[in-house]
Amino acid sequence: MLILTCPYCGVAAEETELAPGGEAHLTRFGPGSDDAEFESYLFYRENPKGVHFERWRHANGCGKWFHAARCTNTLEVFGTYPAQTTEPPAALREAISAKRPGWSWRSFSEET
Amino acid sequence: MKNHYSAFAVAREALRNHTGWQRAWRRAQPKARYDVIIVGAGGHGLATAYYLGKRFGITNVAVLEKGWLGGGNTGRNTTIIRSNYLQDPSAAIYEKSRSLYETLSQDLNYNVMFSPRGVMMLAQTEHEVRGYQRTAHANALQGVKTEFISPRQVKELCPIIRLDGPRYPVLGALWQERGGTARHDAVAWGYARACSDMGMDIIQQCEVTGVRSEGGRVVGVDTTKGAIGCDKLGIVVAGHSGVMAEKAGFRLPIESVALQALVSEPIKPVMDVVVMANTVHGYMSQSDKGEMVIGGGADGYNNYTQRGSFHHVEETVRALIETFPMLSRLKMLRWWGGIVDMTGDRSPILSKTPLEGCFINCGWGTGGFKAIPGSGWGMAELIAKGHSPLTDAFSLDRFREGRFIDESVAAGVAH
Amino acid sequence: MSIRLSTGGRFLNRARPVRFSFNGQRLPGFLGDTLASALLANDQMMVGRSFKYHRARGVVASGSEEPNALVNLGSGNRHEPNQRATTTALFDGLEATSQNHWPSLEFDIGVVNNALMRFLPAGFYYKMFIHPRSFWKHIYEPFIRQSAGLGKAPAPEDQDPDTYEHFYSFVDVLVVGGGVAGLQAALSAAQSGVKVMVIEQSAHWGGRAPVDGGTIDGMDPDAWVEKTLNTLKSMPNVTVHTRLMGAGVYDHGYALAYERLSDHDPDKGGVRHRLWRIRAARIIAATGALERPLSFAGNDLPGVMLASAVRDYVVNYATAPGQSTVVVTNNDDAYRTAIVLKNAGLDVPAIIDARPEGGGALMEEARGLGIRIETGRGIARVRGLRRVVSVQLCEQDGDGAVLEDIPCDAVAMSGGWSPVVHLWSHCGGKLNWNEAGAFFAPDPDRAPTDQTGAPFVYCAGNANGAMDLKTVLQDAVEQSQNVIGSLGCESGDASVPSVAQTQEAPLLPVWLMPAQAPKALRSKAWLDYQNDVKVSDVQLAAQEGFESVEHTKRYTTLGMATDQGKLSNINGLATLSKALGEDIPAVGTTTFRPPYTPISMGAIAGEARGALFQPVRKTPLHDWHEAHGAVWEPVGQWRRPYCFRRDGESTQDAVNREITATRASLGLLDASTLGKIVVKGPDAGRFLDMMYTNMMSTLPVGKCRYGLMCSENGFLSDDGVVARIDDQTWLCHTTTGGADRIHAHMEEWLQTEWWEWKVWTANLTEQYAQIAVVGPQARTVLETLGGLDVSKEALPFMHWVDGTLGGLPVRVYRISFSGELSYEIATPASHGRALWDRLLEAGAAFDATPYGTEALHVMRAEKGFIMIGDETDGTVIPQDLGLHWAISKKKDDFLGKRAQQRTHMTDPDRWKLVGLETLDGSVLPDGAYAVAEGRNANGQRNTEGRVTSTYHSPTLGRGIAMGLVHRGPDRMGEVIRFARDDGETMIEARIVNPVFFDPDGEKQNV
Amino acid sequence: MSEPMTALGGAVYDGVVTVREAPATGMVLLRADLSDSAVQEAVRAVIGLSVPGQRGTAFAGSTGLLWLSPDEMIILGSHAESRARVAALDDALGSAHALVCDVSDARAVFTLEGRGLREILAKLAPVDMAPDRFAPGEVRRTRLAQVAAAFWLRDEASAQVICFRSVAQYVFDLLSDAADPANELRHFPR
């Protein structure tokens, strides 16, 4: 039973207040994209056993979408942050590097 | 030569204090190479190996298991067997599977306790009624024997059901008389014993750490017990398919989530059918031990812990109490979680992969146990011949073409 | 025989005698008894039958680990199976019956299994019943199921009369277990000021200490417990609860606790069970330890009990399981039992100690009391049929050669103690094997971790492997300090109470007695009493290659009974490891799953039963519908009238009447459930152009447009009429099911993809009641209400206007889903009922007829309008439905556009929407498929279409249907065949235009 | 014009606390960037109260402000005046990017009166109701059992709960059930 802190209303919300929204930071491919790009955008999700970035909505709360960095293997939460961004904040990535040396997710990794 | 199992054999052994029973499967060490390596000694992996030998005479096969055989979802599910699916490709593979279950105990000389006690899916809204009538029509043309039955018939088949629930009265049900359950561990053990008897090596405590390829073609695997060569590789590792695929150098359109199940304390027989109530997201059967076996919901987020969130259990239990009031005074004995692979259309993937000679079987989501024999039957053909009518529609490229196999259209969940 | 002692009994209230019944026999007891102690006090040694062999079973333990003493409790709609007698408090009028036997406890047919025991070893059923095939389902399985299954099911028709509830609690430190470890840990933690909650599963504080002796701070344990508890109760930051069991530990500090409020007093009133959902920053599991049985032949006979249990019954309940009790042990603790028995004036013929040198000070104390002590010895077998008659003494190191037969009527055994590590393990905590104590204990380096990655479960006392009073209290303080430190708090008082106790000699692991026991003895030495798993069964599993502990457990069913192996796991594991010739830690341990002990389903459901099972959503007109014969149809959580039945009418009659009346004159529909989402902002038009397949930005103010929404995957997901309110504002109608979903969908795209766009949305669905006024007289009735010009000129088709009708504030949309002249009128919900009443009043002259969802469906089908959920099912794209006119060609992007360009979506062979007319005028079956020639590669019949909607049209007096057909629109006039659900009988239908009624729209455009 | 009807016509239950459906209450929804000074100014001008901070409330007599999210606020007031208030706010907000709607009829309002109200809410909402964790003046959006709701404490003995109108009966039944005197815990200090 997860607890995630909503960056908008500041509530440490338990899972039953939240709705999961899948992988974060997807790039939308619309008309003009090729089949592979579009297929990947719709169906190929990161599925790491470890550090993951995902979307949540504070559905039974302020209604806002936010992002969470979470370990899918231990359920440790490295942090949450607003959805209006295209990549994880640098400070958060550093915090993760401190706890999970050598982590990587998509193009992001300890080095970046 | 292994023991032949029979009442006579048991009696004979009883008279000599059971000293004559041999190992159900040989203890094996990896050879340098095999014609086919199957990664994952769960039901699907073992069944694939079994039919490779049985149907195509390919017995130079190793089944590699990181833990203990049958220790994944095969041993964690609620053992429901049915084939009343809507879409043709699903109905085909699940019905093949169901029909193989009918004679599996005899084929394997191992009692898997297939119990065709009947499966009913309750229709509790007008929309569900229409959905199941559609399924019944489809099944009739697919050669799957189902019928849409009345509330009265529902009550006759399952006296503990409450028909006139205040929220969702039972308006009828989709009934498959030859659906049922089987003993999950026995399915894995029976296949393992038969594979071992054909000379195949089942190697437990052997984790695959890498996949070897040359010129885009698979040539072997690295394992915790050393490198092993092979011509063909079958990856059948529900819950960890993504992780294995990565080792093989390709990606899969799946996500891994936790699915929960629970059992009550055992009581004397009260329910001789399997009941699924999709409107309220609950399904239940009674095991031979007398436990009420209950399927819960899946989490909506990626998770490898084999621990689900409690609120799914809560939702399932309250729904079932509404349909089966007597449950309220039963006690829950144990609940647990398993990791399942979810695909974009919630249907499985049985397919070639970008790596030549490497085949994948995954994405069964919440419904894999019932498919074990059929999946093995089709997967073996796919590996041996390059394609199979049972698996063709479940190929990876369907996501690119938009050729989905969506079972949710008729009714909710796909357990 | 077992008896009640004339004095003593810590828990007994001798002033309060009660009567209870067991198998119909009325028996006496005292308040404070458990059912188990009361049964023993009445010499009821045999209390049940085992699962597989139906062997006689008696009480073996004194707590929640009890595997044998399970009963059917209560009667009628309060009947409950599998109640543990050892944790069931006695009350006046308690009714219990024993389980798993027929016809009676004493004479049980099932006991033939016992005679056949050698033929029914572990896993026998995997090897038998294979032929003939049909026999499994019809003969073998029913027999196995009937003979298994334990308790009797509650009656199917009975509703549970009791109620349940949940409670959310948030604490810094949750202490599970009210023994001295838990109390001390709570005290040291609380002194730092953090919020502490202490929960104890039983009704009594102090755990074993008061029974086991020693002194704490110079007080006897009882006094210390009372003092400490009073201190805790006096602290504002501490709450303490009894009858509240720590059931499960989940991620992020979530703990489930199970409170039994009235099981001990059913007439108390109020909820029966309360499920606590506790969020704790840290959990201290002071859950104690469980004593292990010893594995010798006949250790399952009624009268053979855990030494600690015998002690508990004497000290706590003044009940002596036997007059003459032999104690058998591999450790010093069991000597306490012998001493307690002796001091209670009972006979102890011998203490049989497997250790060659025996024990320490306690042994001397026992010897001093004149008790005979046999060291290096064991029990070859226990003699007796349904109760103990004698034990046969042998050398522990031998093969069971009998040295002497010692008469006795009870045996107290102790194989050492195992920490209760369930809560530690639930959330991933790992264990280490402790050689000296021969048990698994928590490995502090592999603790369960919380959302910050920090360990959040700590074990203290016995649960942490600290096994004597002194180290228990030291460990409690130490763990408590660790917890406080990990929370970054100032640790308070870290002093440890002084303890005086008797030193104990080391234990000697004994996994089989005697060590060289032959098969004959091993096959009578029980590991799992309830499931009848014996030492020989585990050895057979190993012989057959079931080497993993999980395999063995599943093959033999060891530890899978209702006690979940609390007594059998370690003994079974040790037996397996010996059989495999491996160390115990190498073989590993099985995972512990919640709950710690079974909890009621009722408690899990909590308040969500009956009226509170799920919310029912009601429109402002709900009560009127209810009062006027509404046949309800659940639509999501809404209830919508399917139709309104009048006296004597069938549902079908009512639907036909409603349609006819509406088409002839005037119908009224409660459309309040339709979603109403307002979208406003400089970028609102641009945004809606992305949401909808059609162009919404160009919609003129004052006009309406029908719009389609697709998922990004291309499939049609919702539809509805959009109205342009002003320059920057649109109002989007959605389907009933769509309101919340579509609003969330809009917000998702605005917040996570186009957050730069200036757009606000609000879901106004429930602000308005909305009523459709439909039929030739629609305009007249609105004119009768007055206040608004709704003429053809003032309010043309697909326009809207604000104003008042009959004095009520309204917004009127001139739209039609029926093909009739039709207005949808929105008014604030608080005026909805008033508007409805006025419409009925004004409409009376025109036979104003309220109609339901089915009439709505039929009328829209007569006009060939699609319905989301009927024509669509998540696999249908707008192009399949001939809705190209609603898909903008001008826009280079909208959600779903790219998806609809994929090969399979543009395939000309897709099934497309057409109308269907049966040649004989009958109604096509719902969901029927059109059959094509031949079969596919899997032998399935080929199909070329399916029915999506099918109705009897009272307007046309025939069956009408819509369906998706292979290249349908190109095949107008063609006759195709639909199969009935037998797959054989065919119905012929002609492909026609889906608009069956008023194709030119003359009725709606008046 | 007819008298506005509330969902339950003022239903009442007397238990550990008194659960009462409040009379028709005016509610205006404001969606705008609440940190925008123009927006704050407009609100102050029309309502006479300052925009509260995160999860905050502001009250003056029957008028109140509820912070629902960084861009969402509810203005409480008399039911009769809400339409006028919408117009006034629209004027005051001028060109600012904002959405103002009358939502007076979209919700049901309940009052809880009595010292036991914290434990009533703690039975239904996954919220720490301890006095040192949830104080008067804070508004909490969460769920009550199976539906979304929001509540705030006016003082230790009175709270207000709002939920959507369609589930008013469900929420009233929930609160009444939780307030059954037979199930009182006295969990929180009073």
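Side chains are part of it too, since the values below use all heavy atoms of this structure and drop only hydrogens, waters and symmetry mates. Lettering of chains follows the sequences in order, A, B, ..., and the numbering in each one begins at 1.
- Residue contact with chain B, scored on non-hydrogen atoms closer than 4.5 Å, involves the side chain of C/Thr943 exclusively.
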> So C/Glu547 and B/Arg23, salt bridge (Lys or Arg N to Asp or Glu O under 4.0 Å) or not? Walk me through it.
Replying inline: CA-CA 10 Å; C/Glu547 293 162 336; B/Arg23 298 176 58 91; 2.9 Å; yes

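- Listed for the C/Arg118 side chain is a donor-acceptor partner under 3.5 Å among the backbone atoms of B/Ala14.
- B/Ser309 is not listed as a side-chain neighbour of C/Tyr250, based on a closest heavy-atom distance of 4.5 Å or more.
- Taking a cutoff of 4.0 Å between a charged side-chain nitrogen and a carboxylate oxygen, C/Arg941 and B/Asp88 do not qualify as a salt bridge.
- Contact annotation for B/Arg26: neither backbone nor side-chain heavy atoms come within less than 4.5 Å of a heavy atom of chain C.
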Please table the atom pairs, donor to acceptor, closer than 3.5 Å between any side-chain atom in residues 123-131 of chain C and protein atoms at least two apart or in another chain.
{"unit_1": "C/Tyr126", "atom_1": "OH", "unit_2": "B/Arg183", "atom_2": "NE", "d": "2.9"}
{"unit_1": "C/Tyr126", "atom_1": "OH", "unit_2": "B/Arg183", "atom_2": "NH2", "d": "3.3"}
{"unit_1": "C/Lys127", "atom_1": "NZ", "unit_2": "C/Glu544", "atom_2": "OE1", "d": "2.9"}
{"unit_1": "C/Lys127", "atom_1": "NZ", "unit_2": "C/Glu544", "atom_2": "OE2", "d": "2.9"}
{"unit_1": "C/Lys127", "atom_1": "NZ", "unit_2": "C/Tyr555", "atom_2": "OH", "d": "3.4"}

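- Annotation: C/Lys137, atom NZ; neighbour count of heavy atoms from other residues, nucleotides and ligands within 6.0 Å is above 12.
- Interface remark: B/Asp345 contributes no atoms to any contact with chain C (heavy atom separation under 4.5 Å).
- No hydrogens or angles considered: a donor-acceptor pair under 3.5 Å links the side chains of B/Ser115 and C/Glu141.
- With rounding to the nearest 0.5 angstrom, the CG atom of B/Leu15 is 5.0 Å from the CZ atom of C/Phe119.
- For C/Asn942, no part lies near chain B; criterion is any non-hydrogen pair under 4.5 Å.
- Listed for the B/His137 side chain is a donor-acceptor partner under 3.5 Å among the backbone atoms of C/Asp926.
- Chosen from C/Ala153, C/Pro595, C/Ala608, the residue pairing most often with chain B at heavy-atom distances under 4.5 Å is C/Pro595.
- At a 4.5 Å heavy-atom cutoff, C/Leu70 makes no contact with chain B through either its backbone or its side chain.
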>> Set out, in order, the CA-CA distance, both residues' side-chain angles and the distance that settles side-chain contact (heavy atoms from CB on, under 4.5 Å) for C/Glu80 and B/Lys331, then state yes or no.
In response: CA-CA 9 Å; C/Glu80 188 167 20; B/Lys331 293 194 267 344; 4.1 Å; yes

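- With chain B as partner, the option from C/Ala937, C/Ser600, C/Ala979 having the largest number of non-hydrogen pairs under 4.5 angstrom is C/Ser600.
- The contact between C/Val931 and chain B is made entirely by side chain atoms (from C-beta outward), counting heavy-atom distances below 4.5 Å.
- Put simply, the side chain of C/Arg554 gets close to the backbone of B/Gly75: a donor and an acceptor are under 3.5 Å apart.
- Between chain B and the options C/Arg639, C/Met905, C/Arg78, heavy-atom pairs under 4.5 Å are most frequent for C/Arg78.
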> So B/Glu401 and C/Arg902, side-chain contact (heavy atoms from CB on, under 4.5 Å) or not? Walk me through it.
Replying inline: CA-CA 6 Å; B/Glu401 298 165 5; C/Arg902 290 172 299 191; 5.9 Å; no

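- C/Asp981 and B/Ala140 make their closest contact through O-CB, 3.3 Å (heavy atoms, listed as atom of the first residue, atom of the second, distance).
- Side chains of C/Arg133 and B/Ser105: no donor on one and acceptor on the other come within 3.5 Å.
- In this structure, the side chains of B/Asp406 and C/Phe715 stay at 4.5 Å or more apart for every pair of heavy atoms.
- For a residue to count as touching a neighbouring chain, one of its non-hydrogen atoms must lie under 4.5 Å from one of that chain's; by this rule C/Ala520 does not touch chain B.
- Highest contact tally toward chain B, considering only C/Ala603, C/Ala611, C/Gly428, is held by C/Ala611 [criterion: heavy-atom pairs under 4.5 Å].
- Using a 4.5 Å cut-off between heavy atoms, C/Met117 makes no contact with chain B at all.
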> Does the pair B/Arg329 and C/Asp158 meet the rule for a salt bridge (Lys or Arg N to Asp or Glu O under 4.0 Å), with working shown?
Replying inline: CA-CA 10 Å; B/Arg329 294 188 85 85; C/Asp158 286 356; over 6 Å; no

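- With a 4.5 angstrom heavy-atom cutoff, B/Glu291 touches chain C only via side-chain atoms.
- Using a 4.5 Å cut-off between heavy atoms, B/Arg162 contacts chain C through its side chain alone, with no backbone atom that close.
- Contact annotation for B/Ala92: both backbone and side-chain heavy atoms come within less than 4.5 Å of a heavy atom of chain C.
- Judged by distance alone, the side chains of B/Tyr168 and C/Gln614 do bring a donor and an acceptor atom under 3.5 Å apart.
- Annotation: B/Trp68 is not in aromatic contact with C/Phe546 [ring centroid separation under 6.0 Å not met].
- Only the backbone of C/Ala561 comes within contact range of chain B, with heavy atoms under 4.5 Å apart.
- Remark: B/Asp392 engages no residue in a salt bridge (Lys or Arg N to Asp or Glu O under 4.0 Å) (not counting sequence neighbours).
- Heavy-atom distances place no part of C/Phe592 under 4.5 Å from chain B, backbone and side chain included.
- Heavy atoms of other residues, nucleotides or ligands lying less than 6.0 angstrom from CZ of C/Arg980 number 12 at most.
- Heavy atoms of B/Thr19 lying under 4.5 Å from chain C belong exclusively to its backbone.
- For C/Gln543 (side chain) and B/His18 (main-chain N/O), a donor-acceptor pair under 3.5 Å exists by modelled atom type.
- Atoms OG1 and CD1, from C/Thr875 and B/Ile405 in turn, are 12.5 Å apart once rounded to the nearest 0.5 Å.
- Of the atoms belonging to C/Asn82, heavy atoms from both backbone and side chain fall under 4.5 Å from chain B.
- The distance from the NZ atom of C/Lys519 to the CZ atom of B/Arg16 is 12.0 Å, given to the nearest 0.5 Å.
- For C/Leu540, the part lying under 4.5 angstrom from a heavy atom of chain B is the side chain only.
- Looking at C/Phe51, only its side chain comes within 4.5 Å of chain B, counting heavy atoms on both sides.
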> Under the side-chain contact (heavy atoms from CB on, under 4.5 Å) criterion, do C/Met601 and B/Ile294 qualify, and how do the steps go?
Replying inline: CA-CA 12 Å; C/Met601 300 269 193; B/Ile294 295 171; 4.0 Å; yes

> Should B/Leu69 and C/His551 be marked as a side-chain contact (heavy atoms from CB on, under 4.5 Å) after you check the CA-CA gap, both sets of side-chain angles, and the distance that decides it?
Replying inline: CA-CA 9 Å; B/Leu69 68 88; C/His551 277 159; 3.9 Å; yes

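- Contacts of C/His79 with chain B are made by backbone atoms alone, with heavy-atom separations under 4.5 Å and no side-chain atom involved.
- Of all the listed residues (C/Ala542, C/Gly610, C/Cys427), the one sharing the greatest number of non-hydrogen pairs under 4.5 Å with chain B is C/Cys427.
- The shortest heavy-atom contact between B/Met326 and C/Ala155 is CB-O, 3.9 Å.
- Ranked by non-hydrogen atom pairs under 4.5 Å with chain B, the options C/Leu116, C/Asp907, C/Asn938, C/Ile144 are led by C/Asn938.
- Salt bridge B/Arg134/C/Asp873: present, at least one basic N to carboxylate O contact under 4.0 Å.
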> Going through the distances and angles, do B/Glu314 and C/Arg277 end up as a salt bridge (Lys or Arg N to Asp or Glu O under 4.0 Å)?
Replying inline: CA-CA 12 Å; B/Glu314 186 184 323; C/Arg277 302 109 163 282; 2.5 Å; yes

